[in-house]
Number of protein chains: 4
Amino acid sequence: MSPSTRDTDERVRGAAVRLFAEKGFHGTGIRELAEAAGLSSASLYHYMGTKHDLLTEIMETSLIRLVTAARRLVESGDGPAETLAALVRMHVAAHALRQEETIVVDNELRALTPERRDNVLALRDAYEHIWREIVEAGCAAQVFRVPDVKVARLALLEMCTGVARWYSPRGVLSLTEIASAHAAMALAMLGCTTPLPSDDYAIALVTEIWGA
Amino acid sequence: MSPSTRDTDERVRGAAVRLFAEKGFHGTGIRELAEAAGLSSASLYHYMGTKHDLLTEIMETSLIRLVTAARRLVESGDGPAETLAALVRMHVAAHALRQEETIVVDNELRALTPERRDNVLALRDAYEHIWREIVEAGCAAQVFRVPDVKVARLALLEMCTGVARWYSPRGVLSLTEIASAHAAMALAMLGCTTPLPSDDYAIALVTEIWGA
Amino acid sequence: MSPSTRDTDERVRGAAVRLFAEKGFHGTGIRELAEAAGLSSASLYHYMGTKHDLLTEIMETSLIRLVTAARRLVESGDGPAETLAALVRMHVAAHALRQEETIVVDNELRALTPERRDNVLALRDAYEHIWREIVEAGCAAQVFRVPDVKVARLALLEMCTGVARWYSPRGVLSLTEIASAHAAMALAMLGCTTPLPSDDYAIALVTEIWGA
Amino acid sequence: MSPSTRDTDERVRGAAVRLFAEKGFHGTGIRELAEAAGLSSASLYHYMGTKHDLLTEIMETSLIRLVTAARRLVESGDGPAETLAALVRMHVAAHALRQEETIVVDNELRALTPERRDNVLALRDAYEHIWREIVEAGCAAQVFRVPDVKVARLALLEMCTGVARWYSPRGVLSLTEIASAHAAMALAMLGCTTPLPSDDYAIALVTEIWGA
DNA sequence: GATGAATGAGCGTTCATTCAT
DNA sequence: TATGAATGAACGCTCATTCAT
């Protein structure tokens with residue numbers, strides 16, 4: 001596979017991510033995608049299977065990276081509070097830096113065929129499972145105090161995922177500031193008032209795993 | 001207009017809300033919509049303008065109701081903490097009880113033509129403006145303490161809106177419990193530790209405005 | 001049949017004539033027709049059979065009137081030149097005063113089903129037969145001198161029929177002047193230089209047969 | 001563009017000209033057109049823009065050719081009588097040899113959108129302007145004597161255009177004979193008795209400009 | 001590797017017409 | 001007499017995909 005082939009592969013993938021995020025899977029036509037990738041619609045099929053395959057690949061890659069990052073943080077984590085803060089920072093950074101991919105993951109589950117949806121859902125469940133264990137561990141250790149463990153976890157994830165829906169790289173706050181604010185609010189939500197030192201490791205992990 | 005006409009109107013609207021929420025606007029075909037409403041695709045056009053008109057109406061109605069409810073709560077609110085808790089309860093209740101409509105509002109902005117999107121965005125901005133004023137008032141009065149006012153407001157809304165994405169009427173927690181948990185977490189996020197009495201007024205308001 | 005029924009009948013017919021002339025039979029929708037007649041599309045069907053029936057009736061009525069008028073002129077005619085001039089005046093007057101109906105007759109033959117087209121063609125042939133007999137009689141009597149009898153007849157009719165395509169009641173020339181000019185040119189075309197007195201009988205006949 | 005592409009282009013155009021002439025623009029369906037061109041309805045769209053675009057192109061091409069031919073004749077014309085005879089021969093030949101295209105031009109103006117109609121009308125006006133100048137020049141030079149200049153011009157054009165409505169290549173008269181008959185009648189109509197030599201240049205010009 | 005040509009299926013929408021009220 | 005409601009069929013057009021070159 002020549003370098004230019006890989007370039008084209010990435011142009012196609014990039015165009016798909018952008019368009020699927022902007023217009024949705026069903027709202028994006030194959031010709032539109034081809035034009036955005038600088039190819040004819042027939043040529044597109046040298047670089048992908050079907051439109052559905054492309055979507056599936058995007059979603060799976062994105063979720064695998066999230067799971068990978070989360071596992072790394074959990075393995076090297078100190079206590080529940082520190083680990084949860086790291087997860088929040090990582091999740092926020094990923095949803096800000098890879099806004100389009102994560103939006104696709106969040107919005108286009110419904111566009112998948114049942115079989116493929118199951119695969120993707122398994123990945124998403126694996127990711128959420130990591131969060132659940134931390135939240136539950138923190139509650140068990142009475143580091144966290146919440147009205148309801150499950151509701152807290154879901155609310156936490158929705159809050160952090162939402163960053164992808166409003167983040168702009170041109171905003172006044174830096175990504176580090178936004179991530180720290182979320183970490184602080186997350187711990188506050190969980191009734192944990194211990195102040196934590198700022199730490200950019202989780203953000204660095206995102207850039208490592210997703211690429212520059 | 002006979003009663004059966006209004007019934008059919010509502011069947012069409014109901015089918016649209018359900019399908020648009022489930023499959024997305026672009027993922028829902030006119031014939032599918034017609035079948036769900038128990039009509040031929042031609043008959044559908046007695047009860048709606050275009051498919052776009054139907055989407056627009058759904059989104060606008062939903063947002064107008066949210067704005068109406070929010071204004072009522074703000075007008076009758078005591079202080080920032082009490083008002084914010086009421087807003088949270090109302091928003092959560094609306095997103096749980098009217099899950100499908102609110103999902104459509106959240107996901108299908110991009111399916112609107114620019115002109116109509118502007119209208120809908122103006123409504124959404126009006127709604128968010130109400131939240132902003134409460135959050136800012138609470139911060140000014142030092143009832144709330146947050147890392148960043150804007151980030152806090154956005155995170156809060158994402159957290160509460162997210163209920164529409166996971167709520168199930170068959171869950172173990174009652175809606176009141178979920179709403180209260182969110183109110184408590186919201187205030188915790190905002191650094192406000194004063195305990196608030198539970199209050200079902202905001203939820204009752206939702207059922208009043210949206211109908212049983 | 002009440003007077004108002006006849007009024008409505010005529011409103012429907014009038015709207016059809018106008019719209020079929022302006023937009024063509026296939027270019028005119030039944031709802032458009034209903035709106036122009038001030039009725040709902042369902043009510044339209046109290047005043048007509050099908051859209052095709054309406055077209056057929058318009059065309060047949062128009063051609064029957066042309067045949068009637070032509071026969072009256074031929075029966076009371078003096079010689080070929082006088083009779084031909086009268087036919088020209090009548091034809092021009094009918095195509096100016098009943099511009100829309102005659103345009104429909106000329107343009108919409110193709111929209112008829114074969115069976116109905118045959119009926120209408122028989123009427124048209126009857127009308128053209130009258131012209132043919134006059135032209136041929138004039139040639140036989142050496143009152144007319146033309147390069148080719150058939151070509152002359154066809155050219156004559158096209159010239160006179162064309163009036164419906166350009167006549168405007170707001171033009172500077174009166175209908176009498178236009179009719180006389182055509183009569184003069186027709187005779188000139190036929191190589192007949194005898195000057196003829198102007199005579200408004202043929203025009204009066206048109207207003208008599210077609211109504212005011 | 002391969003030869004077969006051009007062939008298909010012409011098959012599509014040819015089918016459109018034939019069907020639009022026979023059944024009218026609104027009376028011709030896309031599937032009917034596709035079948036006549038030997039393609040699927042989807043493939044049709046490789047060879048045309050919209051159905052309207054196709055109609056517009058047919059009408060504009062036809063009118064541009066008429067204008068081109070007329071200008072060539074006027075530039076090389078001797079006097080008003082000779083030039084007018086040449087115009088008549090050319091117009092008649094074009095309307096006989098390109099019967100279908102000219103019928104489309106004459107009948108389908110109303111099917112165009114206002115903007116496109118304006119373009120086409122400008123071309124038609126340019127063509128009619130050429131005729132007007134010749135008729136007026138002949139009248140000014142007292143070569144022609146007519147009841148009314150404008151009426152004469154309109155009648156002349158209608159007579160000659162009408163050829164498209166009745167000409168058949170299987171008729172007993174040759175095209176040259178028909179064209180000459182019209183030239184003679186036209187001059188007679190205009191009160192011009194000078195006999196003119198027959199001349200096939202105008203007809204040759206038509207076959208040159210329109211193709212064999 | 002790249003694409004013009006091709007298409008069956010389906011899109012959202014409108015058609016002329018019928019019928020119960 | 002009048003019309004809302006209803007529909008099967010068709011409208012013009014685009015879809016994702018394939019394949020020969």
Side-chain angles (χ1 to χ4, degrees), chain A residues 1-2 4-5 7-9 25-34 37-54, chain B residues 1-2 4-5 7-9 25-34 37-55, chain C residues 1-2 4-5 8-9 25-34 37-54, chain D residues 1-2 4-5 7-9 25-34 37-54:
Chain A
M1 190 184 290
S2 72
S4 88
T5 291
D7 283 356
T8 310
D9 263 336
F25 178 73
H26 290 305
T28 302
I30 216 81
R31 280 162 181 78
E32 199 174 6
L33 183 51
L39 290 164
S40 70
S41 61
S43 299
L44 214 52
Y45 285 86
H46 286 285
Y47 299 96
M48 58 179 230
T50 66
K51 198 185 158 198
H52 264 99
D53 292 337
L54 186 53
Chain B
M1 192 184 290
S2 72
S4 88
T5 291
D7 283 355
T8 309
D9 263 337
F25 178 75
H26 291 305
T28 302
I30 268 304
R31 284 159 184 82
E32 197 174 7
L33 181 52
L39 290 167
S40 71
S41 62
S43 298
L44 215 49
Y45 286 86
H46 283 284
Y47 299 96
M48 57 180 233
T50 66
K51 197 186 160 197
H52 262 100
D53 291 339
L54 187 52
L55 174 62
Chain C
M1 191 185 290
S2 72
S4 89
T5 290
T8 309
D9 264 337
F25 179 73
H26 290 304
T28 301
I30 217 82
R31 280 162 182 76
E32 198 174 7
L33 183 51
L39 290 165
S40 71
S41 61
S43 299
L44 214 52
Y45 285 85
H46 284 286
Y47 298 95
M48 59 180 229
T50 67
K51 199 183 156 198
H52 264 100
D53 292 337
L54 186 53
Chain D
M1 192 185 290
S2 70
S4 88
T5 291
D7 284 356
T8 309
D9 263 337
F25 179 74
H26 290 305
T28 302
I30 272 295
R31 284 159 185 80
E32 197 174 7
L33 181 52
L39 290 166
S40 70
S41 63
S43 298
L44 214 50
Y45 285 86
H46 283 284
Y47 299 96
M48 57 181 234
T50 65
K51 196 186 160 198
H52 263 99
D53 291 338
L54 187 53

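Quick note on labels: first sequence line is chain A, next is B, and so on, each numbered from 1.
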Between [atom2] on [N] and [atom1] on [X], what's the gap in Å once rounded to a whole number?
X: A:L44; N: E:dG4; atom1: CG; atom2: P; result: 14 Å
X: D:L33; N: F:dG12; atom1: CG; atom2: C1'; result: 11 Å
X: B:L39; N: F:dG8; atom1: CG; atom2: P; result: 11 Å
X: D:M48; N: E:dA6; atom1: CE; atom2: C1'; result: 15 Å
X: B:H26; N: F:dC15; atom1: NE2; atom2: P; result: 11 Å
X: D:E32; N: F:dA9; atom1: CD; atom2: P; result: 18 Å

Quick one: closest heavy-atom pair of [X] and [Y], and the distance?
X: A:M48; Y: A:K51; result: CE-N, 3.8 Å
X: B:Y47; Y: B:T5; result: CE2-O, 3.8 Å
X: D:G27; Y: D:E32; result: O-OE1, 3.7 Å

| task | Mind checking the OG-CZ spacing from D:S41 to D:R31? Nearest 0.5 Å is all I need. | result |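 The distance works out to 5.0 Å.
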| message | Just verifying a value: how many Å separate A:T8 OG1 and A:H46 NE2, rounded to the nearest 0.5 Å? | response |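 Atom-to-atom, A:T8:OG1 and A:H46:NE2 are 11.0 Å apart.
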| Dot-bracket line, read 5' to 3' along DNA chain E, where crossing pairs take [ ] and | marks a partner on another strand, Watson-Crick or G-U under 3.5 Å | .||||||||||||||||||||
| query | Can you tell which of F:dT7, F:dT3, E:dG12 lies closest to the side chain of B:I30? | reply |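 The listed nucleotide nearest to B:I30's side chain is E:dG12.
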| Side chain of B:S40 (C-beta onward), nearest among F:dG8, F:dA5, E:dT7 |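 Looking only at side-chain atoms, B:S40 lies closest to F:dG8.
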| query | With nearest nucleotides of DNA chain F determined for B:Y47 and D:K51 from heavy-atom distances, which residue corresponds to the more 5′ nucleotide? | reply |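 Residue closer to the 5' terminus by nearest nucleotide: B:Y47.
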| request: For the residue pair A:D53 and A:T50, establish whether any side-chain heavy-atom pair is separated by less than 4.5 Å. | output: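 Contact flag for A:D53/A:T50 side chains = yes.
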| said: A side-chain contact here means heavy atoms from C-beta on lying under 4.5 Å apart; do B:L54 and B:L44 qualify? | reply: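 Not touching, per the 4.5 Å side-chain cut-off.
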Look for any protein N or O under 3.5 Å of an N or O in nucleotides 18-20 of chain E and output each such pair with its distance, or none.
none

| Steps toward ring pair (Phe, Tyr, Trp, His ring centres under 6.0 Å) verdict (C:F25, D:H26) | CA-CA 9 Å; C:F25 179 73; D:H26 290 305; over 10 Å; no
| field | Distance-only donor-acceptor test, C:R31 side-chain atoms vs E:dA16 base atoms, 3.5 Å | value |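 Looking at the base of E:dA16, it does pair with a donor or acceptor on the side chain of C:R31 (distance under 3.5 Å).
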